[in-house]
Amino acid sequence: MVTMKEVAALAGVSITTVSHVINETRSVASDTRDRVLKAIDQTGYTGDAIARSLVTGGTKSLGLAVSLVSHPYFAELIAAIESEATRAGYSLVLIDTRGDAASEQAAVRMLRSRRVDGVLLTPTSGSAALPELRRLGVPTVLVDRLTVAQDLDQVGPENVQATSTLARHLAELGHRRIGLVTGTPGLATTDERVLGYRLGLGRAGLPWDEELVAGGLEPLLGRATAVVVGDHQVLVDVLRTARARGVRIGTDLALVAYDEVEWAELVDPPLTTMAQPVEEIGRTAVRLLLARISDPARAPETIRLPPVLKHRRSCGCH
């Protein structure tokens, strides 16, 4: 392993000067700084992030705890977060929460053991990590799945009005029996989209019918002429059920879905979806966290970013 002493020898400066350049703990003449940086580049010196944190008070790293489900949404979200963190001079430590509270708490504790400067968290249902992060005062931003609490920074998609728009669109096409295939139970996003569906029905003058809400398509067949699909995780099962039962999407059954999928335009008919601004969510989350690290006393912010309607033909429009 390359040492700071070797970097100092190559640059013709003291070890103390190298330390000041790396940790930005004192102003160094520009020509001297350039020699040190060139020596670092030539030797590949990386230093000891933990030791450096004792001097600077931070590791210049951010932790991201998220359920690494196999879906492009999370891949795109992680890429946006990493890009924004790198642009700000931070590295990203990524840990899988596996979608359950116990694994989430272990993941967050692992990030704390790495002395990350702050944590980005997509919380699970019944999160045990949140009270701990609050109690310890760890700079934290919730991403995607938000809470009603106002004491943490959080950023995610707008769910209620967006889902209301999907339901109203189907009503405007003449449908009076509009069903909802809900997303994963227990998640804040699912609850908000159910609320949005009810709001959309009310705005269209349609009554709430408990029998038109289900966790899959099967119970809705023969009852609903149109469906709102709550998220990408149930969309594939809905399409599979429709095919197995010989139901023609867009003809026998109008369909709209919250959440864009990369293959939405490749199926027949192409899917009408609400596309979340994933990249903007990721970048905004990093900016919020860096602002919190810089000013721990600032007032918490909750930012809801509106999705964009991708109007295609699965809703029956031509």
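Between Lys38 and Asp41, none of the side-chain N atoms (NZ, or NE/NH1/NH2) sits under 4.0 Å from a carboxylate O, so this pair counts as no salt bridge. Ion pairing between Glu260 and Lys310 fails under the 4.0 Å rule for side-chain N and carboxylate O. By the 4.0 Å N-to-carboxylate-O rule, Arg98 lies too far from Glu104 to be salt-bridged with it. Contact check on Arg134 versus Asp151 returns a salt bridge, with a Lys/Arg side-chain nitrogen under 4.0 Å from an Asp/Glu carboxylate oxygen. Salt bridge present: Arg298 and Asp153 bring a charged side-chain N and a carboxylate O closer than 4.0 Å. One finds no salt bridge joining Glu265 and Arg313 here, because no Lys/Arg side-chain nitrogen approaches an Asp/Glu carboxylate oxygen to under 4.0 Å.
Residues His175 and Thr225 bring a donor and an acceptor atom of their side chains to less than 3.5 Å of each other. For the residue pair Glu6 / Thr3, a side-chain donor-acceptor distance below 3.5 Å is found, with atom types taken as modelled. For the residue pair Thr17/Ser14, the side-chain donor-acceptor check at 3.5 Å is satisfied.
When side chains are defined from C-beta on, Val181 does not count as touching Val228, because their heavy atoms never get closer than 4.5 Å. Proximity of Leu111 to Ile95: side-chain heavy atoms (C-beta onward) are separated by under 4.5 Å at one or more points. No side-chain heavy atom of Tyr90 sits under 4.5 Å from any side-chain heavy atom of Val286. In this structure, the side chains of Thr182 and Val234 stay at 4.5 Å or more apart for every pair of heavy atoms. The shortest distance between side-chain heavy atoms of Ile178 and Leu201 falls below 4.5 Å. Between Thr124 and Ser67, every side-chain heavy-atom pair lies at or beyond the 4.5 Å cut-off. Using a 4.5 Å cut-off on side-chain heavy atoms (C-beta onward), Val13 and Arg35 make contact. Between Leu235 and Leu271 the shortest side-chain heavy-atom distance falls below 4.5 Å.
Taking CD of Glu158 as the reference point, atom CD1 of Ile303 lies at 14.0 Å (rounded to 0.5 Å). In this structure, OG1 on Thr140 lies 12.0 Å from CG on Leu288, to the nearest 0.5 angstrom. A distance of 11.0 Å separates CD in Glu76 from CD1 in Ile81, rounded to the nearest 0.5 Å. Atoms OG and CG, from Ser61 and Asp117 in turn, are 5.5 Å apart once rounded to the nearest 0.5 Å.
For the pairing with Tyr258, the side-chain hydrogen bond (donor to acceptor under 3.5 Å, both in side chains) check across Asp231, Thr163, Asn159 returns one residue only, Asn159.
Remark: the backbone N or O of Pro296 is paired with a side-chain donor or acceptor of Arg292 at under 3.5 angstrom. The backbone N or O of Val160 lies less than 3.5 Å from no partner atom in the side chain of Tyr197, so there is not a single donor-acceptor pair. Checked by atom type and distance alone, the side chain of Gln154 pairs as donor or acceptor with a backbone atom of Thr147 at under 3.5 Å. At distances below 3.5 Å, at least one donor-acceptor pair connects side-chain atoms of Thr272 with backbone N or O atoms of Arg312. In this structure a side-chain-to-backbone donor-acceptor pair under 3.5 Å is missing from Ser294 to Ala291. Checking side-chain atoms of Ser314 against main-chain N and O of Leu255 turns up a donor-acceptor pair under 3.5 Å. Without hydrogens or angle criteria, Thr86 side chain to Glu82 main chain gives a donor-acceptor distance under 3.5 Å. Using a distance-only test at 3.5 Å, with no hydrogens or angles considered, a donor-acceptor pair links the side chain of Thr190 to the main chain of Thr184. Of the possible donor and acceptor atoms, one in the side chain of Thr165 sits under 3.5 Å from a partner among the backbone N and O of Gln161. When atom types are taken as modelled, the side chain of Thr189 and the backbone of Leu187 share no donor-acceptor pair closer than 3.5 angstrom.
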Test salt bridge (Lys or Arg N to Asp or Glu O under 4.0 Å) applied to Arg287 and Glu280, step by step: CA-CA 11 Å; Arg287 293 169 191 155; Glu280 191 178 355; over 6 Å; no

task: Under the side-chain contact (heavy atoms from CB on, under 4.5 Å) rule, what do Val247 and Leu221 come out as? Steps first, then yes or no, please.
output: CA-CA 9 Å; Val247 176; Leu221 294 178; 4.0 Å; yes

message: Walk me through whether Ser83 and Arg283 qualify under side chain to side chain donor-acceptor pair (under 3.5 Å).
response: CA-CA 8 Å; Ser83 175; Arg283 292 187 180 279; 3.0 Å; yes

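Heavy-atom minimum distance, Leu290 versus Ala88: CD1-CB, 3.4 Å. Nearest heavy atoms, Val155 versus Leu146: O-CD2, 3.5 Å. Here the closest heavy-atom approach between residue Leu64 and residue Leu92 is recorded as CB-CD1, 3.9 Å. Of all heavy-atom pairs between Arg33 and Val28, the closest is N-CG1, 3.9 Å. Closest heavy-atom contact between Asp96 and Ala107: O-CB, 4.1 Å.
For Arg176, the CZ atom is densely surrounded, since the number of other residues' heavy atoms within 6.0 Å is greater than 12.
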